[in-house]
Amino acid sequence: MDYNTIIEPFRIHTVQAIDLPDLEAREAALERAGNNLFGLHADEVIIDLLTDSGTGAMSSEQWAGMMRGDETYAGSRSFFRFEEAVQNITGFDHVIPTHQGRAAEKILFSVAVKDGDVVPNNTHFDTTRANVEYQGAEARDIVIPGGTDPATILPFKGNMDIGALRETIAEVGVENVPLVMITVTNNSGGGQPVSMANLREARDVCDEYGIPFFLDACRFAENAWFIKTREDGYADSTPMEIAQEMFSYADGATMSAKKDGLGNIGGFLALNNSTWAQEARNLLILTEGFPTYGGLAGYDLEALAVGLMEVLDENYLRYRIRSTEYLAETVLAGGMPIVQPPGGHAVYLDAAALLPHVPPHQYPAQSLAIELYRAGGVRGVEIGTVMFGRRDPDGGPDEPAAMELVRLAIPRRTYTQSHIDYVAEVVIDVASRAEELGGYEIVEQAPWLRHFTARLKRL
Ligand SMILES: *Cc1c(COP(=O)(O)O)cnc(C)c1O
């Protein structure tokens, strides 16, 4: 068949109602939530693009798997099915289930990272950064030049700057670099992919210095699709073969299975180092649970074992990446500046370019996110100075983040074309009224991960 329309490669089996709160209700909700979109209730949101994490629809095969869930405390059958799926894709010796990605990070960094260390990453995700810093170490972002410039179009804009990796190791000393991490795709840098060549180069540097190399693998399947469609030599490989090669360069990975695990909850730490794995399992027992369930139910492990295979289906990945690109093209044509090219799981609106009259310490991306919700009930998330800016200890303006973005993350297999068309209409309307949007100030904040709970006031 040779038609151009790429359809959702599934039909709907169960539906869930969406509430349609009016403008007055949305304004009241903003007031109550202190202009923090994390404080909204689900029934106050029309289209929820806050995150693609755990918000996807599971397939009938996953639900069927859940009925097979084995709730045996130690040695559950579901664990072995989960372990087999993870090992099939990653090839790692040890598979440690966790309740989500950040638990895997906390355990890995507790085992591997000490006070004063430096962990290089293309760009740390917020929980990854917080978990590195919690150990007293520095989380250093070394994405390639252009990787933080929204307008630069590159096929693999998430690549690590390998020169900067060498410089970092030389500067801080190899003994202070406990591991190198690459995030695929680069979520905080715009959902941008990392090339196979870049993974290979990072591996070579790590081999030269004897440093372990880990992937933050949350969107490994989307990254594999970009390699297939953009990197020479991979057009005829399957997403599974590409994923296997990606993991073959690493010594381990942390994973949030709420992303490319197609699950509503779950994650894992997988690695080859037996000593670290033993210590990680000891910590797991302390906070997550016995090593064959790690904070998950047997039925969760079963759903993930199926999801990890479904996510590598070519029809799914083609539709997934195209539907994100379609939203990006539509809003860009309608006057909204975005990070180019669009990433895999989300469209990132460039608030700094849209709102040059709002300085970073008045949170332009937060202002844009608030207006998208107020105008159309569309919830995105600020990835700018509220999330990543540094507070001035003397009460001066925050040190600004590298970019001022609003991420519209697309839940997997959840919304249809008309939902996406509605979102585009709201975004284009707000872009046309950019000069009406003003700045905000923070009136209440927590010492870390402040974006989850801060309250803001319009200036
Ligand atoms: C979501 C995410 C995490 C953390 O995973 P959780 O399941 O939310 O704890 C870590 N890294 C990246 C790149 C992510 O997108």
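We're numbering straight along the sequence, starting at 1. Whatever order the structure lists them in is the order used to number ligands and atoms, beginning at 1.
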* **Salt-bridge criterion met for Glu329 and Arg322 (N-O under 4.0 Å)** => yes
* Side chain to side chain, Tyr293 and Phe79, heavy atoms closer than 4.5 Å -> no
* Structure fact -> In ligand 1, the atoms that come under 4.0 Å of a heavy atom of Thr183 are 13 (C)
* Give the ring-plane orientation class for His345 versus Tyr348, where under 30° counts as parallel, over 60° as perpendicular and anything between as tilted. => perpendicular
* Asked: N/O of Cys218 under 3.5 Å from N/O of ligand 1, yes or no?
  -> no
* To do: Could you tell me if any non-hydrogen atom of Gly267 lies under 4.0 Å from any atom of ligand 1?
  => no
* Just which atoms of ligand 1 are under 4.0 Å from any heavy atom in Lys259? -> 1 (C), 2 (C), 3 (C), 5 (O), 14 (C), 15 (O)
* For the side chain of Lys258 and the backbone of Gln100, is there at least one donor-acceptor N/O pair under 3.5 Å apart? -> no
* Shortest reach to atom 10 (C) of ligand 1 by a heavy atom, considering only Glu105, Lys258, His345 -> Glu105
* **Closest protein heavy atom to atom 11 (N) of ligand 1, given as residue, atom name and distance to 0.1 Å** => Asp216 OD2, 2.7 Å
* Where's the contact between Thr128 and ligand 1, heavy-atom distance under 4.0 Å: side chain, backbone, both or neither? -> side chain
* Looking only at protein heavy atoms, which one is nearest to atom 8 (O) of ligand 1, and how far off is it? -> Arg102 NH2, 3.0 Å
* **With Lys157, the side-chain contact (heavy atoms from CB on, under 4.5 Å) member among Val143, Asn186, Val339** => Val339
* **Passing candidate, side-chain contact (heavy atoms from CB on, under 4.5 Å) with Val423, options Ile46, Leu408, Val331** => Leu408
* Going by the atom numbers of ligand 1, which of them fall below 4.0 Å from some non-hydrogen atom of Thr127? -> 3 (C), 4 (C), 10 (C)
* **Val113 and its side-chain contact (heavy atoms from CB on, under 4.5 Å) partner, picked from Asn131, Val119, Val118** => Val119
* To do: Return the residue, atom name and 0.1 Å-rounded distance of the protein heavy atom closest to atom 3 (C) of ligand 1.
  => Phe125 CD2, 3.3 Å
* Considering only the protein, which heavy-atom contact is closest to atom 7 (O) of ligand 1, and what is its distance? -> Ser256 OG, 2.7 Å
* So, are Arg390 and Glu133 salt-bridged, with charged N and O less than 4.0 Å apart? -> yes
